[in-house]
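My questions all concern the structure below.
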Amino acid sequence: MMTPVGNPVLDALGGALDTAGAGMSSETLDAAAQALVIQRSAIRAVLSQEGLPETAFLKALAGRVGMEWFEPPADGVKSFSRTFPARLALRYHLVPTQQSDEGLVLATYDPFDYLARAAVRQQFTGRVRFVLSTRKFIVNALRQHYGVGAETFEELLEGREEGGEDLDTLEEVNVLDADDSEASVMKFVNQILREALVERATDIHVEPLGNDLRIRYRIDGVLHEVPVPQNIKLLQASVLSRIKIMSNLDIAERRIPQDGRINLELGGESIDVRVATIPSVTGETISLRLLGQERFDFERLGLDAECEQTVRGFLAMPNGIVLVTGPTGCGKSTSLYTFLSSLNTKERRIVTIEDPVEHKLPGVIQIAVRPEIGLTFANALRSVLRGDPNVIMVGEMRDLETAEIAVRAALTGHLVFSTLHTNDSVGGITRLLDMGVEPFLIGSSVRAFIAQRLVRRLCPECKKADSHAAGFLEQIGFPKEWAGATYGPGGCDGCRGTGYRGRTALYEICLVTPQLQDLVQQKAIPSVLRAKAVEQGLISLRSYGWKRVIEGVTSVEEVLRVTSADVEALDE
């Protein structure tokens, strides 16, 4: 029981805690009570406590302060973003739920924010009524109705009308969480970048459309459109120019593609951003790839015990080629960096040739190819071999010349890693043959082909038991004995309602055994090569995926989304 202290705000909050305390652990209740004593922003301090039943607490608080409780409707509230200023809504966390000639109704989660009330009454002379609702509803409604950076955007439009700053020639500042109280395109772009990093996005796409500017984030491999302020098209040129200035690109050149980089800092962490512009009929589109300081270890890869043992086995080999295969964006680079990190010791000299260098590995010599000056994969690889390396990583085998040099490197005592774009692991053999590599060289130099795909992880907070028709499971090859042990996506605020949060990889490892070498030298067709690989223990991508489904890591639908039925049919 909270003891009254004579402060009406703290007493009301303490009483609400007592009412909601039945749903809280004693540790959470004690922490929340202590937060009331030491924090000025008392309600925010209480709501930040883990384990607090927010709805029960705020309902109890509404009763104590005499405010009406607003229960958010299932389909959300109507947007009043055209008539209620973004600077008020976002600065004071206010959501208009009703606006008419009779007055204005505003939802808040802080009934004691008197500055907000004063600011609203300065703007609106009519009747204003405040209601209490959950912070979760307030935050989601603001994001949906006003869009990222709406407050700054509104001030920018006012500044432009008043003949304010030159929006195309702003000083560059790339510290995203620096204090910047002035409205500027710089601040607006920083807010877009900051929001993307908070949402765990890997890519940002800024795409001019006919009458709009669309911004999309790629989260867990899937694109999500981001709510943006209305009339953002008015600042399209300024936003695109700002991004180009940050990445040291020519802002006057809009006819040809350009590539650049941005170095960002958020919370003391460095983020490297690759920027690519593409001219289109509706204007330049800009894509930004966000690369943070990632951790490269086997635990992050998600290999099961058997596959990890297999991988560590060929990593211990003194020479040979290991090829990681799969489409763009399937995590090949992450796997290769993990392999190199595990081999990175003082006794080994490791050199990489990449296009471009995605992550900087301490102690590893990394080369970025530059074809425009003749520094191609093949030319760089020739030079590297004269530099006494132990381990070499070639970003991609694109042509016969590069492949032949890599083969010679493997035959002369080097361990070589590279990638190929194929649909499965055995397809790597066919690709090398198509390039023109001699069959006997493939069999004697390549140690393994690893195919991989990325699937989304089920959100641990909202995943739920799932069921599928027996005929459907039989058709896709799912093990019958585990038909009732599958999980599917739910949907919560932590996963943006998608039911998925984070990603993990599926693997298919094809070891080049003596029996497979014989078939390669006989130039056997792909189906024969794959049948032999399966006979010798190859586990297909889809079968590996079923393991992850049974473990509750991902869903049946995710495995089907990234694996090919045509390839799986060859295993039957």
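Remember, it's a predicted structure, so these values are computed and weren't measured experimentally.
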- Between Gly552 and Tyr487, what is the shortest heavy-atom contact and its length? CA-CD1, 4.0 Å
- Message: Please check this pair: side chain of Thr430 against backbone of Pro526, looking for a donor-acceptor N/O pair closer than 3.5 Å.
- Response: no
- Is a donor on one side and an acceptor on the other found under 3.5 Å between the side chain of Asn344 and the backbone of Pro362? yes
- How about Phe339 and Val324: do any of their side-chain heavy atoms sit closer than 4.5 Å? yes
- NZ-OG1 distance between Lys463 and Thr554, expressed to the nearest 0.5 angstrom: 10.0 Å
- Query: Is the side chain of His224 donor-acceptor paired with the backbone N or O of Arg218 at a distance under 3.5 Å, no angle test?
  - Reply: no
- Nearest 0.5 Å please: distance from the OG1 atom of Thr422 over to the CG atom of Asp434. 11.0 Å
- Determine, for Asp424 against Arg542, whether the closest basic-nitrogen to carboxylate-oxygen distance falls under 4.0 angstrom. no
- Could Lys244 and Asp250 be called an ion pair, given the rule that one side-chain N must be under 4.0 Å from one carboxylate O? no
- Task: Please determine if Arg456 and Glu558 form a salt bridge, counting it only when a charged side-chain N lies under 4.0 Å from a carboxylate O.
- Result: yes
- Message: So which atom in Arg503 and which in Gly221 form the shortest heavy-atom distance, rounded to 0.1 Å?
- Response: NH1-CA, 3.4 Å
- Task: Answer yes or no: are there more than 12 heavy-atom neighbours, outside Asn211 itself, under 6.0 Å from its atom CG?
- Result: no
- Item | Closest non-hydrogen atom pair between Leu519 and Lys532, with its separation | CD1-CB, 3.5 Å
- Task: Using a strict 4.0 Å threshold on nitrogen-to-oxygen distance, state whether Glu308 and Arg312 make a salt bridge.
- Result: yes
- Item | Stepwise side chain to side chain contact (heavy atoms under 4.5 Å, CB included) check, His205 with Leu223 | CA-CA 9 Å; His205 299 287; Leu223 283 174; 3.5 Å; yes
- Query: Any side-chain heavy atom of Ser425 within less than 4.5 Å of one from Leu538?
  - Reply: yes
- Task: Give the C-alpha distance, both sets of side-chain angles, the deciding distance and a yes or no for side-chain hydrogen bond (donor to acceptor under 3.5 Å, both in side chains) between Glu354 and Gln366.
- Result: CA-CA 7 Å; Glu354 306 173 60; Gln366 296 174 273; 3.0 Å; yes
- State, with a plain yes or no, whether a side-chain heavy atom of Arg349 is found less than 4.5 Å away from one of Val364. no
- Contact summary for Gly374 and Asn379, nearest pair of heavy atoms: O-ND2, 2.7 Å
- Message: Is a donor from one side chain sitting under 3.5 angstrom from an acceptor on the other, for Thr402 and Asp399?
- Response: yes
- Message: Can you tell me how far apart CD1 (Ile262) and CG (Asp272) are? Round to the nearest 0.5 Å.
- Response: 9.5 Å
- Arg530/Glu508 salt bridge by N-O under 4.0 Å criterion: yes
- Item | Side chain Glu225, main chain Arg214, donor-acceptor under 3.5 Å | no
- Query: Out of curiosity, Ile215 CD1 to Glu195 CD, how far, rounded to the nearest 0.5 Å?
  - Reply: 10.5 Å
- Query: Shortest non-hydrogen contact from Leu240 to Pro208?
  - Reply: CD1-CG, 4.1 Å
- Query: With a 4.5 Å limit on heavy-atom distance, are the side chains of Ile192 and Tyr217 in contact?
  - Reply: yes
- Query: Nearest heavy-atom pair of Pro439 and Gln521: which atoms, and what distance?
  - Reply: CB-CA, 3.8 Å
- Query: Do His359 and Phe296 have ring centroids that are under 6.0 Å from one another?
  - Reply: yes
- Message: For the residue pair Gln515 / Gln536, report whether a side-chain donor-acceptor contact shorter than 3.5 Å exists.
- Response: yes
- Item | Flag, side chain of Ser543 to backbone of Ile539, donor-acceptor distance under 3.5 Å | no
- Task: Could you check Asp220 against Arg200 for salt bridge (Lys or Arg N to Asp or Glu O under 4.0 Å), going step by step and ending with a plain yes or no?
- Result: CA-CA 8 Å; Asp220 295 335; Arg200 302 175 296 105; 3.1 Å; yes
- Task: Check whether any side-chain heavy atom of Ser335 lies under 4.5 Å from a side-chain heavy atom of Leu301, and answer yes or no.
- Result: yes
- Task: Taking atom CZ of Arg370 as the centre, report whether more than 12 heavy atoms of other residues, nucleotides or ligands fall under 6.0 Å from it.
- Result: no
- Item | Met186 side, atom CE; Met246 side, atom CE - distance, nearest 0.5 Å | 9.0 Å
- Does His414 reach the main-chain N or O of Ala409 with its side chain, forming a donor-acceptor pair under 3.5 Å? yes
- Item | NZ/NE/NH1/NH2 to OD/OE distance under 4.0 Å, Lys547 and Asp304 | yes
- Message: Donor-acceptor check, side chain of Gln452 to backbone of Gly331, threshold 3.5 angstrom: yes or no?
- Response: yes
- Keeping the roles fixed (side chain from Lys233, backbone from Leu209), state whether a donor-acceptor pair exists under 3.5 Å. yes
- Report yes or no: does Arg431 contribute a side-chain atom to a donor-acceptor pair with the main-chain N or O of Leu420 at less than 3.5 Å? no
- Output the distance between atom CD1 (Ile245) and atom CD1 (Ile251), rounded to the nearest 0.5 Å. 5.0 Å
- Measure from the side-chain N and O atoms of Glu253 to the backbone N and O of Arg255, and report whether any donor-acceptor pair falls under 3.5 Å. yes
- Measure the shortest side-chain to side-chain distance between Asn319 and Arg447 over non-hydrogen atoms and say whether it is less than 4.5 angstrom. yes
- Message: salt bridge (Lys or Arg N to Asp or Glu O under 4.0 Å) for Arg274 and Glu358? Distances and angles first, verdict last.
- Response: CA-CA 9 Å; Arg274 296 206 324 248; Glu358 294 189 5; 3.5 Å; yes
- Below 4.5 Å, heavy atoms only, C-beta onward: do Ile204 and Ile286 meet side chain to side chain? no
- Does the side chain of Ile509 reach to within under 4.5 Å of the side chain of Cys307, using non-hydrogen atoms? yes
